[in-house]
Protein chains: 2
Amino acid sequence: MTAKTKKQIVIEAAAKLFSDKGYSAASMRELAGRVGLEQASSLYNHIKSKEAALQEICFENAQKFTDGITTIESNISDPGEQIRALINLHIQVATNDITSVTVFNDEWRHLSEPQLSEFLALRKDYEERFKEIINKGIKTGTFKNINPTVALHTILSALKWIHYWYKTGRDSDLEIVKKDIMLLLMSGLSSND
Amino acid sequence: MTAKTKKQIVIEAAAKLFSDKGYSAASMRELAGRVGLEQASSLYNHIKSKEAALQEICFENAQKFTDGITTIESNISDPGEQIRALINLHIQVATNDITSVTVFNDEWRHLSEPQLSEFLALRKDYEERFKEIINKGIKTGTFKNINPTVALHTILSALKWIHYWYKTGRDSDLEIVKKDIMLLLMSGLSSND
DNA sequence: TTTAGAAACGAACGATCGTTCGTGTGCAAA
DNA sequence: TTTGCACACGAACGATCGTTCGTTTCTAAA
């Protein structure tokens, strides 16, 4: 296990700070204080700028999702199991790195060009591949005939509260939560009796 | 139809601006420009402060949800129909006032005390009442035996993308979207063949 | 036509922002 | 022991922020 570089520490603290206050309300002086530095200027020995930190966080998380869906596409063929694996991926990412996924979800819009366009392109690509799996499931009769765009966004949006839950309450076991989210999204709230 | 007061115009423009840039990144000078004023100082003839505008937006929307669930509680008794009505309420609010619901969802954390606590109490109250309906449905066998907290947050979170969709693409009919969201949340993605 | 009040203006305030730069310090290689 | 480099410091920069205040302009009632 290699030691964490100071840069990594700064980036992680930045993710937490951006998550707590939002990117614009987060100051470099507070970030310095959180990593034990007296001066904001000291940060610039480790990162290039405030926005460079945001970029690292956003693209690092984008990579996790891109890698995840690539693995799922090549190792699983049944659309139902693919969607289950995607749901699992989102829960996994959200609970493994609680703060940076918040930044990924909410603070990407403070990226400036050309990073903003690049980020949106990555997201769009991910969504298209997700939607393609839904489409395939509908065609094969595995899924209901629901508008794929609606299904895509409803599922993605539904998975966004996890990091919040994991951060605050976390009263029940993760495996139970995972199972119930799967059940709700795949089979719905209504009982079938 | 009474004319819109300048204060209302300012508040609505503030909602749009907060939605576009986030509360912290939104400046009073840009807000002034958006309502045709050359000076930010002119805004203070209509609103008390930047945060006062945020407060109005947040609590006005909280009121809509509180009023909505109160009506549903007293006019509908079947839990399944109550949840359907709640989903409908969220879609209705999100599409009727696209921008202010964004602020309600994402920017409330920039409220300062005591408004922050007051807002969180309102939200908590709403969530408890929503959860109570889920609980009732589980008890009567209308709903699956899913952890009510998980079901609550998954459904609430799932409904948050609507305003985004309504703002940007809006390629398909609202009634179709509404129907498909209902179907997905109540019966799930999997087909039952 | 006069007058009172509402609303817009423009300068200015103190505060805070991200970032730069020159300096000093301490550790590791020579 | 000397040298070089990584890193922390502290002052300072220009910019922008929300807000205040005194003044001017506009409008509608008298």
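Below, chain A is the first sequence line, B the second, and so on; all start at residue 1. Fair warning: this is a prediction, and the values are worked out from it, not measured in the lab.
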Rounding to a whole Å, what distance do you find between Lys48(A):NZ and dG18(C):P? 16 Å
Rounded to the nearest angstrom, tell me the gap between atom CZ in Arg29(B) and atom C1' in dA12(C). 11 Å
Under 4.0 Å between any heavy atoms, over every strand shown, what does Ala53(A) touch: base, sugar-phosphate, or nothing? Just pick one. nothing
Rounding to 0.5 Å, atoms CD (Glu127(B)) and CD1 (Ile69(B)) come to a distance of 10.0 Å
Whole angstrom value for the distance that separates P of dA7(C) from NZ of Lys7(B): 12 Å
Any donor and acceptor pair, going by atom type alone, linking the side chain of Thr142(B) with main-chain N or O of Ile138(B) inside 3.5 Å? no
Check: Ser117(B) main-chain N/O paired with Glu113(B) side-chain donor or acceptor under 3.5 Å: yes
Give a yes or no answer on whether the side chain of Glu51(B) reaches the backbone of Ser112(B) with a donor-acceptor pair at less than 3.5 Å. yes
Reckon Ala25(A) touches a base, only the sugar-phosphate, or nothing at all at heavy-atom distances under 4.0 Å? nothing
Given the rule that I, L, V, M, F, W and Y join up when any side-chain heavy atoms are under 4.5 Å apart, are Ile181(B) and Leu174(B) in one cluster? yes
Tell me whether Lys178(B) at atom NZ has more than 12 heavy atoms from other residues, nucleotides or ligands lying less than 6.0 Å away. yes
In whole angstroms, how far is the P atom of dC17(D) from the NE2 atom of His110(B)? 15 Å
Atom CD of Glu51(B) to atom P of dG18(D): distance rounded to whole Å? 12 Å
From NZ of Lys21(A) over to P of dG18(C), roughly how many Å is that when rounded to an integer? 12 Å
Can you tell me the distance, in whole Å, between the OH atom of Tyr44(B) and the P atom of dC17(D)? 12 Å
Please convert DNA chain D into dot-bracket. A pair counts if it is Watson-Crick or G-U wobble with both distances under 3.5 Å; crossing pairs go in [ ] and bases paired with another strand get |. ||||||||||||||||||||||||||||||
Under a 3.5 Å cutoff, is there a donor and acceptor pairing between the side chains of Ser100(B) and Asp97(B)? yes
In whole Å, what is the span from the CE atom of Met28(B) to the P atom of dG10(C)? 18 Å
Quick test: give all pairs of protein nitrogen or oxygen and nucleotides 6-10 of chain D nitrogen or oxygen below 3.5 Å, distance rounded to 0.1 Å.
unit_1	atom_1	unit_2	atom_2	d
dA8(D)	OP1	Lys6(A)	NZ	3.1
dA8(D)	OP2	His46(A)	NE2	2.6
dA8(D)	N7	Asn45(A)	ND2	2.8
dC9(D)	OP2	Glu38(A)	N	2.8
dG10(D)	OP2	Glu38(A)	OE1	3.1
dG10(D)	N7	Gln39(A)	OE1	3.4
dG10(D)	N7	Ser41(A)	OG	3.3
dG10(D)	O6	Ser41(A)	OG	2.5

Picking from Tyr23(B), Phe59(B), Phe119(B), Phe18(B), what satisfies ring pair (Phe, Tyr, Trp, His ring centres under 6.0 Å) with Phe104(B)? Phe119(B)
Test salt bridge (Lys or Arg N to Asp or Glu O under 4.0 Å) applied to Lys136(A) - qualifying residues, sequence neighbours left out: none
